[in-house]
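So you know, we letter chains A, B, ... as the sequences are listed, proteins then strands, and number each from 1.
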Protein chains: 2
Amino acid sequence: MIKVTIKDIARQFKVSTTTVSNALNGKPGVGKTARKKIVQMAKKMGYQPNYFARGLVSRQSYAIGLTIANISDPFSAELALGVYEKANELGYTMMLFNTNYNLGNETKCLEILKSKGVDGIILATVTQDDSNIDSLDEIQMPYVLVNRLILNPKKANRIDSVSVDDYGSFYQAAKHLCRMGHQNIAMIAGDMDVSTAIALTHGANEAFTEYGVTIPSDLFIECGFSRERAYQAAKAIFSKKNRPTAILIQGDNMALGVREAAYEIGIKIPDDLAIVGLDDINISSLAGIELTTIRQNQYKMGATGAQLLINKIKGEDHSGISNKIVMESDLIIRKTCGFHLKGYVK
Amino acid sequence: MIKVTIKDIARQFKVSTTTVSNALNGKPGVGKTARKKIVQMAKKMGYQPNYFARGLVSRQSYAIGLTIANISDPFSAELALGVYEKANELGYTMMLFNTNYNLGNETKCLEILKSKGVDGIILATVTQDDSNIDSLDEIQMPYVLVNRLILNPKKANRIDSVSVDDYGSFYQAAKHLCRMGHQNIAMIAGDMDVSTAIALTHGANEAFTEYGVTIPSDLFIECGFSRERAYQAAKAIFSKKNRPTAILIQGDNMALGVREAAYEIGIKIPDDLAIVGLDDINISSLAGIELTTIRQNQYKMGATGAQLLINKIKGEDHSGISNKIVMESDLIIRKTCGFHLKGYVK
DNA sequence: CTGAAAGCGCTAACAA
DNA sequence: TTGTTAGCGCTTTCAG
């Protein structure tokens, strides 16, 4: 690969590399005409500053890392897009890593990220007892959690995060189902070691107790966040004697799995079964899918996370206190919950 | 951020940095016990080689770039996943960039990629007269095209690529439609400046002429590859007097847009309108969507591209001739073309 | 306003 | 088997 260095362009004008460097970086102490000439020549020669040399002295990479579940999952993709665009806007590039919700993978990803000298990291798949966070603290690597929270107050205080009001989200969703008269309801949860799943479950339960509904233990299934696993969980539920009239599902992608399982054995949605998801991924609104769900703006979450992280990197956040941003969410009533057919019961 | 250098660990044992470097990199010329001790100490001290220092001397970043349309588009995401996993497997990290099918954006992305010192680039959104390719040639940056071809034989000979048999794909698809008896067929194309769109269109046209079908010029719409644009194109088509009985669409994501447009004005699929897409993205098989389409293994395309690129970077590809891999594709008959209702006409 | 010199952390020649 | 020296390309004192 071709390489033009500041030395090369210094030689052209018989000036020092310092002058060239200063000229090119807009620093003071260079004559106006000299600067102009140098800048022009640099462009003409196709000069590109050497990333490694610069990084070596400045100790900055202008790169951030992002660990998400999996880029082929629509929720992750939308979140990644938010991070990407905000980061780009602020002059940073993004390195993407998939953890597949696996702690060991996450560790590996962070190892690589550290070794690549990124300036900071956005973590979107952290679990409650995630040792990886501690290792970032140790080396004082800036990081921000997105769509996740650490509940342990000892740690939580120091941790920046962008999340959604999951508790309120599923409180709303569960309440909606109760008001429609459902009493035999199932819930398919992601991973109860994760803050979102915990909050969602608690939120739903609050509404359920308000309405005197209880979820039998065999109708509460924790299965991980994938479509495939939710499909299997639904199959298990459908094989029970006490088949529920409604299922609350902690993710639209998972809900699509439930939907497939239902269709496969001839259960009609919403006639025989109401389902409510979470996230409002972009396919949820498609004709024939029309999933009732909770809208969470993944894009904005990602973008906000990137903004927060970069502020932190640049040291513009001198507050000393941690920054916890919680976003609102909205119940989107579509067809899968059957509201358009029955409305609320009195 | 904390920094342990080889100097620090050299000091521990009063040896030179060279010895430490050699020990840590598994190079010969270090005593067995010395090596063991050094490696152990490095681990204990949490040593991480400085990426920038290493890159500066080795001139390798072990990072590759990927330019795709947009990560939130399922086709792109699956392709990116293939690149990501193969690259990771081979010890490379991936930097992701969205071009949104815009040449100017692509140029910007490549500028950044170059400035970050990546070892090579995978391009998935190149158009026929893409000047960006030339600029990569100029600086001798290794690259591979994925899902794209350069048709101009003058250039094409030198260019590595992984693509699908698009011509055959749409030949198959169009033939299928013709055999079902459709005669009034529309086609929604992506961007006729792009190799895939060109090949798809030609392939379809061959089948059409075989069956004596012609597409009236107002039923051939070139609209770009997004769902939204395809939605609008479909609206335009539906407003015509000569409404077609079938539409061939150059992408499943686009097909979903057409589907939405149809449902919105009460056109029933497949009863009133047959549609056939391309790509078989992972939502195409969902109950109620069941899109007839052509399967193209995006994941494999990405992975193969990454493999090819990294071979090239490592100089293992001494063939001197360019490597063009063309993958097969399969027609997946689901419900949107109505085959299950009518089958082939005699 | 300009330049010389030093050094970031690492690897590669070359000596010892 | 080990150490010394030099240098990758850049920025940053500090003199002129």
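- In the set D:dG3, D:dG9, D:dT11, the nucleotide with an atom closest to the side chain of A:Ile6 is D:dT11.
- Ion pairing between A:Lys155 and A:Asp137 fails under the 4.0 Å rule for side-chain N and carboxylate O.
- Regarding B:Ile9, its CD1 atom lies at a distance of 12 Å from the P atom of C:dT11, rounded to whole Å.
- Backbone-only contact: B:Val30 has heavy atoms under 4.0 Å from sugar-phosphate atoms and none from a base.
- C:dT11 atom P lies 14 Å from atom OH of B:Tyr51, rounded to whole Å.
- When each of D:dC10, C:dT11, C:dT2 is scored by its nearest atom to the side-chain atoms of B:Thr17, the top-ranked nucleotide is C:dT11.
- Contact annotation: B:Asn25 reaches the phosphate of C:dT11 (side-chain N/O to OP1 or OP2, under 4.0 Å).
- Atom CZ in B:Arg54 sits roughly 17 Å away from atom C1' in D:dG7 (whole-Å rounding).
- Each of A:Lys14 and B:Tyr47 lies near DNA chain C, and the nucleotide nearest A:Lys14 is the one positioned closer to the 5' end.
- Contact annotation: A:Ser21 side-chain N/O to D:dT11 OP1/OP2 distance is under 4.0 Å.
- One interatomic measurement links the two molecules: CG of A:Leu24 to C1' of D:dG9, which rounds to 13 Å at whole-angstrom precision.
- Rounded to an integer number of Å, the gap from A:Lys7 NZ to D:dC10 P is 10 Å.
- No more than 12 heavy atoms of other residues, nucleotides or ligands sit less than 6.0 Å from atom OH of A:Tyr62.
- Evaluation of atom-type donor-acceptor distances gives a pair under 3.5 Å for the side chain of B:Thr18 against the base of D:dT4.
- Geometrically, B:Lys312 engages B:Tyr143 in a cation-pi contact defined by less than 6.0 Å to the ring centre and at most 45° from the axis.
- Salt bridge present: B:Lys114 and B:Glu111 bring a charged side-chain N and a carboxylate O closer than 4.0 Å.
- Rounded to a whole Å, the CD atom of A:Gln60 is 15 Å from the C1' atom of D:dT12.
- Taking atom CZ of B:Phe13 as the reference point, atom P of D:dG3 lies 12 Å away to the nearest angstrom.
- Closest to the side chain of A:Ala53, out of D:dG9, C:dC10, D:dG3, is D:dG9.
- Heavy-atom distances to DNA chain C give each of B:Lys27 and B:Phe52 a nearest nucleotide, and the one nearer the 5′ end belongs to B:Phe52.
- No engagement by B:Pro28 is indicated, since no non-hydrogen atom pair under 4.0 Å with the nucleic acid exists.
- Checking B:Asn102, B:Asn147, B:Thr99, B:Asn105 one by one against B:Thr125, the side chain to side chain donor-acceptor pair (under 3.5 Å) holds for a single residue, B:Thr99.
- Atom NZ of A:Lys324 has more than 12 neighbouring heavy atoms from other residues, nucleotides or ligands inside a 6.0 Å radius.
- Residue B:Thr19 has a polar side-chain atom (N or O) positioned under 4.0 Å from OP1 or OP2 of D:dG3.
- As a whole-Å value, the separation of A:Asp8 CG from D:dC10 P is 9 Å.
- Distances were taken from every side-chain heavy atom of B:Arg59 (C-beta onward) to each of D:dG9, D:dT2, C:dC10; the shortest belongs to D:dG9.
- Relative to the side chain of B:Ser16, the nucleotides C:dT11, D:dC10, D:dG3 differ in distance, and D:dG3 lies closest.
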